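So the structure is just underneath, and the comments pick up after that.
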Amino acid sequence: MKRAVVPEAYQSLDQRSRDIFRRIVESYLGDGEPVGSRNLSRILPVSLSPATIRNVMSDLEHLGLVYAPHISAGRLPTQLGLRFFVDAFMEVGDLSAAERNSIEAQVRASSEDQSTETVLTQASQILSGMSRGAGLVLATKAEGALKHIEFVRLEPTKALAVLVSQSGDIENRVIDLPVGVTPSQLIEASNFLNAHIQGRTISEARQEIGQLKDETQQALDALSQHLVQQGLAVWGGAGSGQPPRLIVRGRGNLLDSINAEADLDRLRHLFDDLETKEGTLQLLDLAEAGPGVRIFIGSENKLFSLSGSSLVIAPYRDSEQRIIGALGVIGPTRLNYARIVPMVDYTAQLVSRLLR
């Protein structure tokens, strides 16, 4: 799991402040309740008075790391505080041999009927049962290597984007053209794409072009750059034919964290979004955006901004190390991240091996 760079202001916290902050977060992850200065004074490794602890808590609140949900109440970590804890303090352990054996036995048993759907459903069920959150698996249609992309103007503001794979398959999509696009710009965009996509899948091509921003800006004008992005997005985004399949197990686990009708509405909103084509594509983009396991807390991603949920997600790959899907856990922000990260990581590795 890649860690974010911790801001200097937070690095300047002294050991006492770090200890108090860590205990506040660990208490929240354990029971979801605010912790006060008197309780902290009993569990800290050093002897500090409640008054001293309150002063430190006030400093942490000023930094935006904790907040008081009620007057005279204890403190809870903010979303920023949880991110700081994950990046700076959390120690990711490993699964026990028994846990690994249990996951592997269940997934392998489901693979005996040679059904990919069964393997993925079982993986989602395992993640749900072990995390007490909702386990999800995202399965994409297998992508073939690309050979050629071409833009053919149909009318002043419409063009046909033609995609040819190395296996000879041809797909066509009608795209909107920006006002003022010339025939030469269509050719320039096609040539630039073809210089970088050959032998790659759509996902790999999107990643490659995304890493060539400076080169794209130097080689193409603004309208041609727009065509390049649109030419890839029409297959990878909302214009693509079939959305990835989303398998979710353990939705009922999330009801345990529901305290009010508003929370239930936010949870419904989350699953409504997830089950749209755009929502599933967003999930795949999250998994593809970095190597290994990634953690998204609350509104760090707009998909979860209204539900206040957290996501731990990792991609799984085919025999050529191409990303063909993603799996993970969705739950409240007080997920046991240190335990779930290795669980998601190992399950993703196991599914990758079994689907090759």
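Just so we're clear, the structure is a prediction, and the values are computed from it rather than from any experiment.
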Heavy-atom side-chain contact between [X] and [Y] under 4.5 Å:
X: L95; Y: M343; value: yes
X: L355; Y: L120; value: yes
X: I20; Y: M57; value: yes
X: T157; Y: D176; value: no
X: F84; Y: L63; value: no
X: L327; Y: S124; value: no
X: Q198; Y: L146; value: no
X: L163; Y: R173; value: no

Compare every heavy atom of [Y] with every heavy atom of [X], then report the nearest pair and how far apart it is.
X: P178; Y: H226; result: CG-CD2, 3.2 Å
X: N194; Y: K147; result: OD1-O, 4.4 Å
X: R23; Y: I43; result: CZ-O, 3.6 Å
X: S310; Y: P332; result: CB-O, 4.0 Å
X: G74; Y: P34; result: C-CB, 3.7 Å
X: V107; Y: I126; result: CG2-CD1, 3.4 Å

Taking R22 first and then E26, would you say they form a salt bridge - that is, a charged N and a carboxylate O separated by under 4.0 Å?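 Salt bridge between R22 and E26, a charged N being under 4.0 Å from a carboxylate O: yes.
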Taking V46 as the starting point, is it possible to reach L13 by hopping between hydrophobic residues whose side chains are less than 4.5 Å apart? yes
Report yes or no: do I187 and I197 belong to one cluster of Ile/Leu/Val/Met/Phe/Trp/Tyr joined by side chain heavy-atom distances under 4.5 Å? no
Kindly determine whether R339 and E99 satisfy salt bridge (charged side-chain N to carboxylate O under 4.0 Å, His left out), including the steps that lead there. CA-CA 11 Å; R339 170 174 163 75; E99 289 173 322; 2.7 Å; yes
Please state whether the rings of F89 and F21 are parallel, tilted or perpendicular, taking 30° and 60° as the class boundaries. tilted
What orientation do H196 and F192 show, parallel under 30°, tilted 30 to 60°, or perpendicular over 60°? tilted
Main-chain N/O of [Y] paired with [X] side-chain donor or acceptor, under 3.5 Å:
X: S102; Y: A98; value: no
X: S128; Y: G133; value: yes
X: S27; Y: I24; value: no
X: Q79; Y: S299; value: yes

Is there a donor in the side chain of D19 and an acceptor in the side chain of Q15, or the other way round, less than 3.5 Å apart? yes
Classify the side-chain pair N55/S58 by whether it contains a donor and acceptor separated by less than 3.5 Å.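 Note: N55 and S58 side chains miss the donor-acceptor criterion.
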Report the residue from [options] that forms a side-chain contact (heavy atoms from CB on, under 4.5 Å) with [X].
X: F151; options: L177, I175, L160; answer: I175
X: L40; options: V56, L48, V35; answer: V35
X: S131; options: I330, N336, I340; answer: I340

What do the steps show when you test I295 against R83 for side-chain contact (heavy atoms from CB on, under 4.5 Å), and what is the final call? CA-CA 9 Å; I295 296 174; R83 169 52 62 188; 4.0 Å; yes
Contacts of R153 that satisfy side-chain hydrogen bond (donor to acceptor under 3.5 Å, both in side chains) - sequence neighbours left out: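 For R153 there are no side-chain hydrogen bond (donor to acceptor under 3.5 Å, both in side chains) partners, ignoring immediate neighbours.
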Got a sec, which residues hit salt bridge (Lys or Arg N to Asp or Glu O under 4.0 Å) with D221, two or more places apart in sequence or on another chain?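 Applying salt bridge (Lys or Arg N to Asp or Glu O under 4.0 Å) to D221 gives none.
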Hey, what do you get for [atom1] ([X]) to [atom2] ([Y]), rounding to the nearest 0.5 Å?
X: S190; Y: Q185; atom1: OG; atom2: CD; result: 11.5 Å
X: E150; Y: L193; atom1: CD; atom2: CG; result: 11.5 Å
X: R42; Y: L44; atom1: CZ; atom2: CG; result: 11.5 Å
X: Y28; Y: L76; atom1: OH; atom2: CG; result: 7.0 Å
X: R317; Y: R353; atom1: CZ; atom2: CZ; result: 14.5 Å
X: D318; Y: I324; atom1: CG; atom2: CD1; result: 5.0 Å

Which residue pairs satisfy the ring pair (Phe, Tyr, Trp, His ring centres under 6.0 Å) criterion with at least one member in residues 308-356, sequence neighbours excluded?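 Pairs touching residues 308-356 that pass the test: none.
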Run D94 and R100 through side-chain contact (heavy atoms from CB on, under 4.5 Å) and show every step you take. CA-CA 10 Å; D94 199 359; R100 286 174 176 263; 2.8 Å; yes
Derivation and outcome, side-chain contact (heavy atoms from CB on, under 4.5 Å), residues L29 and M90: CA-CA 12 Å; L29 295 179; M90 189 178 75; over 6 Å; no
